[in-house]
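Residue numbers count from 1 along this sequence. Keep in mind that this is a model prediction, so the values were computed, not measured.
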Amino acid sequence: VGDAGRAYAIARRAGEQSQRLLAWEQAAVHLEQALDALDHQESVDPRRRIEVLLALGASQRLSGNRERRIAAYQQAIAIARAIGDAALQA
C-alpha cells in the first residue's frame with residue numbers, strides 16, 4: 001500500500017490545485033483518492049475527513065454531479081453529528 005499519509009497529502013494537494021484551475025471533475029477524482037488514503041491511515045481526525053468531503057461535495061456541485069454531491073455532504077454531516085460538532089453540521 002505504501003505510505004498512506006503521503007498518498008493523502010499528494011492527493012489533497014492535487015485536488016486543491018485542480019480546484020484552483022476550475023477542473024472540477026479532476027478535483028473530485030483527487031479528493032476521492034485522498035479519502036481512500038485516509039481509510040488506510042491508523043488514526044485520522046474526523047474533521048480532516050469532513051474537510052475533504054466538503055471539498056469533494058463542492059467539486060461535485062460545480063461539475064454538475066448532483067448524486068455524488070449529495071452523498072459527500074451527507075457523509076460529512078453524519079460524521080459531524082457523530083463527533084457532536086454543531087458548527088460543522090450547519
Side-chain angles (χ1 to χ4, degrees):
V1 172
D3 183 357
R6 184 168 182 264
Y8 164 79
I10 291 168
R12 182 69 193 264
R13 280 194 307 270
E16 291 168 355
Q17 177 67 20
S18 294
Q19 287 178 322
R20 283 191 292 276
L21 296 172
L22 309 180
W24 306 117
E25 288 101 0
Q26 192 61 43
V29 168
H30 292 304
L31 293 166
E32 288 172 349
Q33 291 169 340
L35 286 171
D36 289 342
L38 287 178
D39 289 340
H40 291 91
Q41 292 184 25
E42 289 183 27
S43 176
V44 176
D45 181 350
R47 287 169 185 81
R48 178 180 281 184
R49 185 175 298 279
I50 291 169
E51 290 171 3
V52 177
L53 285 164
L54 292 176
L56 175 59
S59 290
Q60 296 290 15
R61 177 178 57 84
L62 292 165
S63 70
N65 194 330
R66 184 177 187 275
E67 290 177 12
R68 287 186 161 189
R69 169 190 48 128
I70 291 169
Y73 287 147
Q74 287 176 335
Q75 288 177 31
I77 291 167
I79 295 168
R81 285 184 179 145
I83 63 172
D85 193 321
L88 289 173
Q89 292 179 49

Spatial distance of atom CG (Asn65) from atom CD1 (Ile70) [nearest 0.5 Å]: 9.5 Å
Heavy-atom check, side chain of Gln60 versus side chain of Leu31, under 4.5 Å: no
Interatomic distance, Asp39 atom CG to Arg49 atom CZ [nearest 0.5 angstrom]: 4.5 Å
Are Arg12 and Glu16 within salt-bridge range, i.e. N to O under 4.0 Å? yes
Side chains of residues 21-29: which donor-acceptor pairs under 3.5 Å do they make with residues two or more places apart or in other chains?
| residue | atom | partner | partner atom | Å |
| --- | --- | --- | --- | --- |
| Gln26 | NE2 | His30 | NE2 | 3.1 |

Whether over 12 other heavy atoms sit under 6.0 Å from Arg6 CZ: no
Selection residues 56-79 - residue pairs positive for salt bridge (Lys or Arg N to Asp or Glu O under 4.0 Å), sequence neighbours left out: Glu32-Arg68
Hydrophobic cluster identity match, Tyr73 and Leu35, side-chain contacts under 4.5 Å: yes
Taken to the nearest 0.5 Å, the spacing of Asp45 CG from Glu51 CD works out to 8.0 Å
For residues Ile79 and Pro46, report the shortest heavy-atom separation together with the two atoms involved. CG2-CB, 3.8 Å
If you round to the nearest 0.5 Å, how far is CD1 of Ile77 from CD of Gln75? 11.0 Å
Which atom names give the shortest non-hydrogen contact between Ala76 and Leu54, and what distance separates them? CB-CD2, 3.9 Å
Nearest heavy-atom neighbours spanning Ser59 and Gln19: OG-NE2, 2.9 Å
Judged by atom type as modelled, is there a donor-acceptor pair below 3.5 Å linking the side chain of Tyr8 to the main-chain atoms of Asp3? no
What residues, two or more places apart in sequence or in another chain, satisfy side chain to side chain contact (heavy atoms under 4.5 Å, CB included) together with Ala7? Ala37
